[in-house]
**Q** 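Structure provided below as structure tokens; questions to follow.
For clarity, every value in this text was computed on a predicted model and none was experimentally measured. Because only heavy atoms are used, hydrogens play no part in the values below, and waters and symmetry mates are left out as well, while side chains stay in. Counting convention: from 1, in listed order, for ligands and their atoms alike.
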Amino acid sequence: MKWYRKLHWQIILGMILGLIYGIAAAQFQWTGFATNWVVPFGDIFMNLLKLIAVPLILTSLVAGVASLSDFKKLSRMGGKTISLYIATTAVAVTIGLLVVNTLKPGKNLPPEIRKELKADYESKVEDKEKEAKKVDERGPLQPLIDMVPDNFFGSASSNSNMLQLVFVSLLIGIALVQVNQEHRKPVLSLFEGMQAVVIKLVNIIMLMAPIGVFALITKTITSLAIGEDGQADLGQIGAVLGALGSYCIAVIIGLLLHTTIVYLGLLKLWTPLKIPQFFKAIAPAQLLAFSTSSSGATLPVTMRQCKEKLGTSKETTSFVLPLGATINMDGTALYQAVAAVFIAQAHNISLDLGAQITIILTAVLASIGTAAVPGAGIIMLVIILEAINVPSAGIALILGVDRILDMLRTTTNVTGDAAVCAIIAHSEKQLHPPSE
Ligand code: ASP
């Protein structure tokens, strides 16, 4: 196949053109045209991806669990998957803490810039705090209650209810295994047929990916450049990046270390996959995660790439990936650890070992509860800050660069899901990479 026909090159081209056009639009004040005539294609693409997330999770998990037809296997696979997800997240937070405590990016932040950033983002902080307060004011078992919906359609009515949908789908799958053959067969074929339709839809929607990504990157650049006065100002991005450069570098170093040490290390140790083979297979999913900042919206493509290009079985892919998109967010947890310590450093608050351990515990839990949508990580960060007695208004310091870091941490989240999927598949003898 010619290189330019390959999806990942088309997406990369869309991203580069989006970057160039976004910068030009901000520079020459074409933001009106971009907002009215370009950005909507990004929103349409995002909506299409989100549209299939619910049917995909439902059909994949029900068909996946029902075809396992063996509880021992289900609990073995479930146990392994969840343990690996939680263990890698805890390691991610620890790496984040080591990097931020070594580089100390918060110490370099001049007090006048701190004041400026606080003034600029004060109004936005209030919204995030309000959202976090809703989450925080609940009893200890509330997350468990929240996982169990009282209405099936309610659980499927919002993409931020993914955990509920995962729960309902697992339940239906388990019940389906237990009904007699006469009833199970038609229901299972219905779910499998629907799953095939949804996967076809993914292929159709991805035809639009290069244009969708072009528009999404344009939107990101122009919205980052628009200042308080509503006018586009490229210098604004440069100024914020300059002030927060060392914080961004700390997050990026952490994400790179986690990807190379943990994912690549585990893949080398526990699977026969070659590293370039892994990256080539999942590149479209990573690029989409980067462009959309949503692991939920990327899920259909992650599943397709793992199954078709990495060679993970339908059974493993259908179980491990929807669960991962919902509960496994290593990139988010690592970023939360770096951000929490950065804010503390900028306020001259020193964090003892107890506070650092609290960060590990709360960041692991918070990343499980973080919705797989853009900007969700910073809301849960407020809860972590409160747990270590650092003023949550401190998020004003980092809001200006959050979107850029969201793109990077979402890419890590999706890479982690795919790596765990390959590892679990191999451990179940269900990894059969296609020969090129
Ligand atoms: N955008 C991230 C995701 O969808 C969540 C976050 O960290 O904000 O994976």
**Q** List for me each residue that meets side-chain hydrogen bond (donor to acceptor under 3.5 Å, both in side chains) alongside Y263, sequence neighbours excluded, and say none if there are none.
**A** H258, D330
**Q** Taking only residues two or more places apart in sequence, or in another chain, which ones meet T260 in a side-chain contact (heavy atoms from CB on, under 4.5 Å)?
**A**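 If we apply the side-chain contact (heavy atoms from CB on, under 4.5 Å) test to T260, skipping adjacent residues, the hits are L264.
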**Q** Do W270 and L84 come close enough that some side-chain heavy atom pair is under 4.5 Å?
**A**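 Yes, close enough: below the 4.5 Å cut-off.
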**Q** Indicate yes or no: at least one non-hydrogen side-chain atom of V197 is less than 4.5 angstrom from one of T59.
**A** no
**Q** Can you produce the list of protein nitrogen or oxygen atoms under 3.5 Å from a nitrogen or oxygen of ligand 1, alongside each distance?
**A**
residue	atom	partner	partner atom	Å
ligand 1	1 (N)	S293	O	2.9
ligand 1	1 (N)	V373	O	3.1
ligand 1	1 (N)	D406	OD1	2.8
ligand 1	1 (N)	T410	OG1	3.1
ligand 1	4 (O)	S295	N	2.9
ligand 1	4 (O)	S295	OG	3.1
ligand 1	4 (O)	A372	O	3.4
ligand 1	4 (O)	V373	N	3.4
ligand 1	7 (O)	T332	OG1	2.7
ligand 1	7 (O)	R409	NE	2.7
ligand 1	8 (O)	A376	N	3.0
ligand 1	8 (O)	G377	N	2.7
ligand 1	8 (O)	D406	OD1	3.4
ligand 1	8 (O)	R409	NH2	3.0
ligand 1	9 (O)	S295	OG	2.5
ligand 1	9 (O)	N413	ND2	2.9

**Q** Can you see whether T332 engages S367 through a side-chain donor-acceptor pair at a distance of less than 3.5 angstrom?
**A**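 Side chains of T332 and S367: no pair found under 3.5 Å.
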**Q** Using salt bridge (charged side-chain N to carboxylate O under 4.0 Å, His left out) as the criterion, list what pairs up with R76, not counting sequence neighbours.
**A**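 Applying salt bridge (charged side-chain N to carboxylate O under 4.0 Å, His left out) to R76 gives E428.
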